[in-house]
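What follows is a single structure, written as structure tokens, with notes after it.
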Protein chains: 2
Amino acid sequence: MSPSPSTPTAGRPRSGARRLPDATAREEILDAAAELFVRRGYAATSTRLIAETVGIRQASLYYHFANKEQILAELLEATVRPTLTHAEELAGQDPDPAAALHDLVKYDVGVLLGARWNVGILYALPEVATEPFTRFRRERERLRLTYRTLAAAAAAADIDDTDIIGDLVFGLVESVIEMRRELPDLAPPEKLQRAVTAAALRLVGAATNRPG
Amino acid sequence: MSPSPSTPTAGRPRSGARRLPDATAREEILDAAAELFVRRGYAATSTRLIAETVGIRQASLYYHFANKEQILAELLEATVRPTLTHAEELAGQDPDPAAALHDLVKYDVGVLLGARWNVGILYALPEVATEPFTRFRRERERLRLTYRTLAAAAAAADIDDTDIIGDLVFGLVESVIEMRRELPDLAPPEKLQRAVTAAALRLVGAATNRPG
DNA sequence: GTCTATAGACCGATAGAC
DNA sequence: GTCTATCGGTCTATAGAC
């Protein structure tokens, strides 16, 4: 059997209380890094500070991750992947594009607002444009393309530039990242989900209540 | 008379060709910093690299700016101020809220896409949350409030949560920042201005062609 | 107004003990 | 699996010459 998270098989036991009691050291590092990267940015977050937040020494990070970039890469991919999977399932199955778009927007907003940290902020870190994050960027581009496809299929007939419309819906959804960062009294997630889904459907020119 | 930009009254003459021939050294520093902060982020941009880009030595920056933060603060405030001025004029004068919102969205998108560098990216730098940038944050918050006011006044009667609607229009407009960063073949500015203004009016529930 | 030189701090990563 | 110790590099900012 693999060892339980809180009973490692080697190494000196850690001193302080841990922030995620039932998590592996690797998960604790990812959680601490997520908080710090979101709050201070990637470049401004030292590996020393990550380690200190977890309660280990700086050098011990390198047992779990090859380098600092690997930590960010793992966070990015874990963040976009569930939404991408959901989006591509929706686009491949749902015969009603407006209903599928509604579902995708609701799901995406729910994930962005429900995450323990506002990890959507990581998408905009300048470092993400560099090579170690190519896989994440490709996955995110696939998500954007799914938004384009669904928006184009759901758009009213008198609307043109459907690629731009899809990008605008994508941007509208991700604007909740900035709202979560900047607004101290953000509306509750369910309310924001309703507002953003309704806004997205008006944006593409589809009625909120589908004709039956 | 004050000295011409290209004939300073003291100091060793600079060696290489300058990037902005008719600008003061101060303006050249701001321009180089804007490009580098946008491309690599604030923390990852060293004062050495800024100086090298301008064609001076690292220490010479400190004749023109007290520290690195001051350079970013000046860039941020110069970026938001024209749009804020325009927005508050519109909100105070225009009797037709949908027309005013249309005008503001068009102006804002035009500024974001027309700037020499994609300086809207600077808004999202994590460092902006710290103290030296408080004045910028206040000005940006006033811009957001103007969007809320105009969107609420322009919104169709059957739409509620008008504050959220205003924030979503604000987010929709600023999503062109990410589009400019991520899309290699971005639509021309005029086309994007038309698409975003039309999308914003649909989002608030106002018809693109005003009744009358 | 730009230069040289440098103080003083912090950084990511590696080696090797336990 | 975590530790100590440390290397080589980079950083911002200041002092003072010209």
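All values derive from a computational prediction rather than experimental measurement. Reminder, nothing fancy here: chain letters follow the sequence lines and each chain counts from 1.
To the nearest angstrom, P of D:dC11 lies 17 Å from CG of B:N67. If you measure from atom CZ of B:R26 to atom C1' of C:dG1, you get 14 Å, rounded to the nearest angstrom. Spacing between atom NE2 of B:H64 and atom P of C:dG1 amounts to 7 Å, rounded to whole angstrom units. Taking atom CG on A:L61 and atom P on C:dG12, their separation rounds to 10 Å, with Å as the unit. If you take CD of B:E28 and C1' of C:dG1, they are 13 Å apart, rounded to a whole angstrom. At whole-Å resolution of the value, CZ in B:R48 and C1' in C:dC10 are 14 Å apart. Nucleotide D:dC11 holds its P atom 9 Å from the CZ atom of B:R40, rounded to whole Å. In this structure, B:Y62 places its OH atom 11 Å from P of D:dC11, rounding to the nearest Å.
The shortest distance between the side-chain N/O atoms of B:R14 and the OP1/OP2 oxygens of C:dT2 is below 4.0 Å. Contact between the side-chain N/O atoms of A:R57 and the OP1/OP2 oxygens of D:dT4 is found at a separation under 4.0 Å. In terms of phosphate contacts, A:S46 brings no side-chain nitrogen or oxygen within less than 4.0 Å of OP1 or OP2 of C:dC10. Here A:S60 reaches the OP1 or OP2 of D:dC3: one of its side-chain N or O atoms lies under 4.0 Å away. Regarding contacts with the backbone of C:dT2, every side-chain N or O of B:Y63 stays at 4.0 angstrom or more from both OP1 and OP2.
B:E174 has a carboxylate O that lies under 4.0 Å from a charged side-chain N of B:R140, or vice versa, which qualifies the two as a salt bridge. A:E141 and A:R137 are not joined by a salt bridge, as no carboxylate oxygen comes within less than 4.0 angstrom of a charged side-chain nitrogen. Under the 4.0 Å criterion applied to side-chain N and carboxylate O atoms, A:R181 and A:E178 are assigned as salt-bridge partners.
Along DNA chain D, the nucleotide closest to A:I56 and the one closest to B:E69 are compared, and the more 5′ of them pairs with A:I56.
Nearest to the side chain of A:A59, among C:dT2, D:dA5, D:dT2, sits D:dA5. Of the candidate nucleotides C:dG12, D:dC3, D:dA13, C:dG12 has the atom nearest to the side chain of A:Q58. For B:A25, the listed nucleotide lying nearest its side chain is C:dT2; candidates were C:dT2, C:dA13, D:dA13. Comparing atom distances between the A:R12 side chain and each of D:dT2, D:dA13, C:dG12 picks out D:dT2 as nearest.
Between B:R144 and the choices B:D163, B:T149, B:D167, the side-chain hydrogen bond (donor to acceptor under 3.5 Å, both in side chains) rule is met once, by B:D167. A side-chain hydrogen bond (donor to acceptor under 3.5 Å, both in side chains) with A:T47 is found for one member of A:K68, A:Q58, A:E52 and no other, namely A:Q58.
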